[in-house]
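Everything below concerns the one structure shown next.
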Amino acid sequence: MFSLEHRVRVFVFQVLDERIEFLLLRHKPRQEWPLGPVVGPVTPGEQLEQAIRREVEAETGLRRPVHLHELAQPSKELFGDIGVVDWPFAWQAGTPEQPVTELQPGPMIGELQWLPFNEAFQQLEMGSDRDALVRLQLGLQ
């Protein structure tokens, strides 16, 4: 029997006076987890925006985006009888007038880092995450 899961992949960022920073996080308990965006499931009957808000708040403590952007068409992968559809979004968290100064990592988050584009790009291991980050960066210029 075939199973299809939907997930959101949310790139949290802030636009500051002289730079743009991207928030990457690492899950617990394993230090081997790569840094990446906020990732979480879309539950049956849930709208994408509801899943985005739930996951970002649970993993970072952020409650409301300045702007929420869809980054592209979803990507899908198949693993035998399981399919995963990833929905990439961007969540603007801060502005030059109101930068994010505090985050409240959820219990499953081991590390949070604000990084400039070049460093964030190098930290991402998945090609689809790198593509989404590039689309976001180009859209912000």
Side-chain angles (χ1 to χ4, degrees), residues 1-96 98-141:
M1 177 177 192
F2 185 75
S3 169
L4 185 62
E5 297 178 17
H6 291 263
R7 297 186 304 198
V8 291
R9 300 185 76 77
V10 187
F11 291 85
V12 176
F13 70 98
Q14 61 180 344
V15 178
L16 302 176
D17 282 327
E18 297 181 15
R19 66 187 183 283
I20 300 170
E21 294 180 334
F22 301 91
L23 182 67
L24 297 183
L25 48 93
R26 187 183 320 271
H27 286 87
K28 289 181 182 176
R30 299 173 53 191
Q31 288 301 317
E32 303 90 56
W33 282 100
L35 286 168
V38 171
V39 178
V42 179
T43 60
E46 186 176 41
Q47 298 293 320
L48 288 174
E49 189 169 330
Q50 291 171 310
I52 292 164
R53 289 177 183 274
R54 174 180 42 76
E55 289 298 323
V56 170
E57 184 173 354
E59 295 189 2
T60 69
L62 297 170
R63 297 182 191 276
R64 280 185 230 92
V66 174
H67 295 289
L68 187 61
H69 309 275
E70 188 172 349
L71 291 177
Q73 296 294 326
S75 64
K76 64 181 175 182
E77 294 185 44
L78 300 175
F79 307 97
D81 290 344
I82 298 173
V84 177
V85 179
D86 284 323
W87 298 86
F89 281 83
W91 170 297
Q92 184 177 350
T95 65
Q98 292 186 324
V100 174
T101 56
E102 284 189 39
L103 295 168
Q104 299 171 341
M108 294 304 296
I109 304 303
E111 180 182 350
L112 295 166
Q113 289 187 29
W114 287 108
L115 299 170
F117 173 79
N118 289 341
E119 289 179 42
F121 183 84
Q122 291 174 6
Q123 290 293 329
L124 295 171
E125 291 186 3
M126 291 182 57
S128 59
D129 283 346
R130 286 180 169 195
D131 291 346
L133 187 68
V134 168
R135 283 191 301 280
L136 174 56
Q137 174 73 9
L138 291 173
L140 295 172
Q141 293 179 342

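As the structure is a computational prediction, the values presented were derived from the model and not from experiment.
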Notebook entry, point to check: Mind checking whether V38 and F89 have side chains closer than 4.5 Å, heavy atoms only?
Noted result: no

Checklist line | Euclidean distance, W87 CH2 relative to K76 NZ, rounded to 0.5 Å | finding: 11.0 Å

Note to self: Could you tell me if the side chain of L112 sits less than 4.5 Å from the side chain of L25, heavy atoms only?
What the structure shows: yes

Notebook entry, point to check: Can L23 and L103 be said to form a side-chain contact (heavy atoms from CB on, under 4.5 Å), step by step?
Noted result: CA-CA 10 Å; L23 182 67; L103 295 168; 3.7 Å; yes

Next item on the list: Given side-chain contact (heavy atoms from CB on, under 4.5 Å), test Q123 with L115 step by step and report yes or no.
Entry: CA-CA 10 Å; Q123 290 293 329; L115 299 170; 4.0 Å; yes

Item checked: Pairwise distance CG(L138) to CG(L133) - rounded to 0.5 angstrom -> 9.5 Å

Check: Atom CG of L4 and atom CG of D81: how far apart are they, to the nearest 0.5 Å?
Finding: 12.0 Å

Notebook entry, point to check: What is the minimum heavy-atom distance between R9 and V39, and which atoms define it?
Noted result: NH1-CG2, 3.5 Å

Item checked: Closest non-hydrogen atom pair between L68 and E49, with its separation -> CD2-CG, 3.8 Å

Checklist line | E5, CD: over 12 other non-hydrogen atoms inside 6.0 angstrom | finding: no

Notebook entry, point to check: For P37 and D129, which heavy atoms make the closest approach, and how far apart are they?
Noted result: CD-OD2, 3.6 Å

Checklist line | Interatomic spacing from CG in L35 to CD in E111 - rounded to 0.5 Å | finding: 5.0 Å

Next item on the list: Decide side-chain contact (heavy atoms from CB on, under 4.5 Å) for R26 and I109; before the verdict, give the C-alpha distance in whole Å, the side-chain angles of both, and the deciding distance to 0.1 Å.
Entry: CA-CA 6 Å; R26 187 183 320 271; I109 304 303; over 6 Å; no

Item checked: F117 side chain near V134 side chain, heavy-atom distance below 4.5 Å -> yes

Notebook entry, point to check: What distance separates T95 OG1 from H67 NE2, expressed to the nearest 0.5 Å?
Noted result: 9.0 Å

Notebook entry, point to check: Which word best sums up how the rings of F13 and F22 line up, parallel for under 30°, tilted for 30 to 60°, or perpendicular for over 60°?
Noted result: tilted

Check: Does some side-chain heavy atom of F11 sit less than 4.5 Å from a side-chain heavy atom of L124?
Finding: yes

Notebook entry, point to check: Tell me, do Q14 and P99 make a side-chain contact under 4.5 Å, heavy atoms counted?
Noted result: yes

Margin query: Distance check, rounded to the nearest 0.5 Å: D131 atom CG versus M126 atom CE?
Written below: 10.0 Å

Next item on the list: Using atom types as modelled and distance alone, determine if a side-chain donor or acceptor of R54 lies under 3.5 Å from a backbone N or O of P41.
Entry: yes

Notebook entry, point to check: Between G94 and V66, what is the shortest heavy-atom contact and its length?
Noted result: N-CG2, 4.4 Å

Notebook entry, point to check: Heavy atoms, side chains only, cut-off 4.5 Å: are R53 and R64 in contact?
Noted result: yes

Checklist line | Least distance between heavy atoms, K28 atom then P107 atom | finding: CD-O, 3.4 Å

Check: Minimum heavy-atom separation for L78 to G83, with atom names?
Finding: CD2-CA, 3.8 Å

Next item on the list: Before giving the answer on side-chain contact (heavy atoms from CB on, under 4.5 Å), spell out for Q113 and E119 the whole-Å C-alpha distance, their side-chain angles and the decisive distance to 0.1 Å.
Entry: CA-CA 10 Å; Q113 289 187 29; E119 289 179 42; 5.8 Å; no

